[in-house]
Each structure stands twice: as structure tokens, then as C-alpha cells.
Amino acid sequence: LHVDETSLRINGKLAWVHVACTSRYTYLAPHASRGKKATDDIGILPRYEGTMMHDAFGTYPKYTHATHALCHAHHLRELKGFIEQGHTWAMRMTTFLLAAKQAVEFHHGALSEEEARRWERAYDRILARAQHRLEAKTPLPKKALAFVRRLQKRKEEALRFLREVHVPFDNNQAERDLRMVKVKENISGTFREETFAQSFCITRSIVSTLTKHEKKRVGFVMSSVDRRHARSCSFYHLGHFLLRGCPICVALLYILLSG
């Protein structure tokens, strides 16, 4: 399960859109909070017991009944900044991560235990040397050192992709599913009411899920309801009517996802 969040302004106030998604399904939900209160209220993560892919944001590790995997796209972006600051260890870690990704792909998604341990030893060496050099610097480069210590502490989560076929290298799925939220904000501006944001998120969840199932979205909707109802229940407004419990829209959603 891929999870992430992005900021959004509702009625001039900062809010957040949370996503929980897979390669087949998308669920987006707005909330005033970014943290655990939001994910608890949304209700998916408290019951999830599989592997959760994320960017190491502090909320997600609190769900201890799930296993966790860290997104290396985020790590590569952080490493790029450290390389620009002159940290040579960051270049070695970047090379390591990209080479490990290629090795996993070459072995069809997972390494043997012996091979995975070899990569783990290289990972440990790079981080140990980085920590030694950073701790000897004055002034202490706190941000870089915190990054290295985080990778050391969360080694199992960082390297889970080496052994488990279902665990990807990055969290790009969640970032893709959130992208239209930022596109909407950049083009149309903020939402005036929370219900509008909820409607948008419901609609985007449906559209994204249908796309993943290769459904012909608008044509399927128009052929599934009579023309009169379709005028008031276009795909743009479908989330609004679902939010209000429109029985025809609820039935339509069932048809779209199961047909």
C-alpha cells in the first residue's frame, strides 16, 4: 500500500489531502490535519496489516501492525542536495541505491538471501564511513548526520525491496495519484468549502481507479445513466452526489468498478 499526503488550501486555510493507493485502486481524502488524527479518521491505515510504502514521515511508523518500506526516490533527492554541498559519501550512497535497484530488476524483483546480505554489508560500510567523517567535522553537519543515522536505524525498511517482490524501490505510485490535486490547485486555485474538496477527492479517486482498470470513463458513465440524470451527474460532479448519498450515483459506482 502506497501512502502519502500533500498540502491544499480550503477556504484560505491550510489542509491536507491524504492518499492510500495500489496499482489497481486509489483513495484520496482531505483533512485539516497532516498527522495521525487524519489517518485515523480516514480509517484505512489503522486496519492495514500489509506492507506500507512511504517517505518516513513520522505518522506512518506509528502503525506498528503493518510492515514498512521506505521510498528511495525521496532519499535520492536528499542525497542530491548533500552532493551539491560536497559530501562525497552521498555520491557513493546514490550509486549504491541505483545499482541495487538494477540488480533487483535483473533478478526479476528479488535477490537471493546470500546476494541480499552482500548488498547489506556494502550499505553498512557506506553509512559507517559517512557517520565517522560527519562526526569529525566542525561545525557538526546535523542534517546530513541525521539522514545517515535514519538510514542506519531503519535499515530493514530501507532494504526491504531487495528481498520482497511486492515491495517497490520508490513511492512514485502515491506521488502520481496525488499529482492532480496540485494541478487542480495551480489551475483553479483553492476550494471555497470543505465539501467541494471532498467531492473533488471522491471524483479523483473514481477516475484514477477506473484508469487503472482501463475503463473508458466518460463514455461508460454516459451510457450507464439516462441523459437527464447525466447532465446533473457528470463525472466532475459525481463525487458531490456520492457525498450526498445519491442512490443512482452509488449504483453507478458499483457498476463502474465491477463491470
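All residue numbers refer to positions in the sequence shown, counting from 1. Quantities reported herein were computed from a predicted structural model and do not represent experimental measurements.
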So which heavy atom on [X] is nearest to which on [Y], and how close?
X    : Y    : result
W89  : A144 : CZ2-CB, 4.0 Å
K36  : T59  : N-OG1, 3.5 Å
T26  : C21  : CA-CB, 4.0 Å
D40  : P46  : OD1-CG, 3.5 Å
G35  : S33  : N-OG, 3.1 Å
Q198 : P30  : CG-CG, 3.7 Å

Count the heavy atoms of every other residue, nucleotide or ligand shown that sit under 6.0 Å from [atom1] of [X], and state whether that count exceeds 12.
X    : atom1 : answer
H65  : NE2   : yes
Q85  : CD    : yes
H166 : NE2   : yes

Within the structure provided, determine whether [X] and [Y] are in side-chain contact (heavy-atom separation under 4.5 Å).
X    : Y    : answer
F147 : L127 : no
E185 : F191 : no
I44  : T39  : no
H18  : L45  : no
R154 : P61  : yes
V17  : F200 : no
V104 : L111 : yes
E193 : N11  : no

Query raised in the report: Aromatic ring centroids of Y63 and Y48 under 6.0 Å?
Result: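 Distance test on ring centres: not under 6.0 Å, no.
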Is the backbone N or O of [Y] less than 3.5 Å from a side-chain atom of [X], with the two atoms forming a donor-acceptor pair by type?
X    : Y    : result
H72  : P168 : no
K212 : S23  : no
H132 : A128 : no
N171 : L70  : no
T190 : G12  : no

What's the separation between atom [atom1] in [X] and atom [atom2] in [Y], rounded to the nearest 0.5 Å?
X    : Y    : atom1 : atom2 : value
K142 : L134 : NZ    : CG    : 13.5 Å
I202 : Y27  : CD1   : OH    : 6.5 Å
E135 : R149 : CD    : CZ    : 5.0 Å
L8   : L28  : CG    : CG    : 11.0 Å
H31  : I10  : NE2   : CD1   : 10.5 Å
H74  : N172 : NE2   : CG    : 9.0 Å

Are [Y] and [X] linked, directly or through intermediate hydrophobic residues, by side-chain heavy-atom contacts shorter than 4.5 Å (ILVMFWY only)?
X    : Y    : result
F196 : L178 : yes
L1   : I42  : yes
V148 : M93  : yes
L97  : L162 : yes
L76  : F57  : no

All side-chain hydrogen bond (donor to acceptor under 3.5 Å, both in side chains) counterparts of [X], not counting sequence neighbours:
X    : value
T67  : T51
R125 : none
K37  : D41
R176 : Q173

Any residue meeting ring-ring contact (aromatic ring centres under 6.0 Å, His included) with [X], in chain and number order, not counting sequence neighbours:
X   : value
F96 : W119, Y123
H68 : H54
W16 : none

Requested in this report: Check the pair V183, M180 against side-chain contact (heavy atoms from CB on, under 4.5 Å), reporting the backbone distance first and the verdict last.
Outcome: CA-CA 5 Å; V183 171; M180 285 304 297; 4.2 Å; yes
Going by salt bridge (Lys or Arg N to Asp or Glu O under 4.0 Å), name the pairs with one or both residues in [range], residues two or more places apart or in two chains.
range           : value
residues 93-111 : K101-E105
residues 49-75  : none
residues 1-20   : E5-R34
residues 77-92  : R77-E175, E78-R150

**Report entry** Carboxylate-amine/guanidinium proximity below 4.0 Å for R118 and E115
**Finding:**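 So R118 pairs with E115 through a salt bridge.
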Report task. Flag the pair E120 and R117 as a salt bridge only when some basic side-chain nitrogen lies within less than 4.0 angstrom of an acidic carboxylate oxygen. Result ->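 A salt bridge is absent here (no side-chain N lies under 4.0 Å from a carboxylate O).
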Query raised in the report: salt bridge (charged side-chain N to carboxylate O under 4.0 Å, His left out) with K137: which residues, sequence neighbours excluded?
Result: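 Partners of K137 by the salt bridge (charged side-chain N to carboxylate O under 4.0 Å, His left out) criterion come out as none, since no residue qualifies.
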Query raised in the report: Relative to the ring of F161, is the ring of F169 parallel (under 30°), tilted (30 to 60°) or perpendicular (over 60°)?
Result: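 It falls in the perpendicular class, over 60°.
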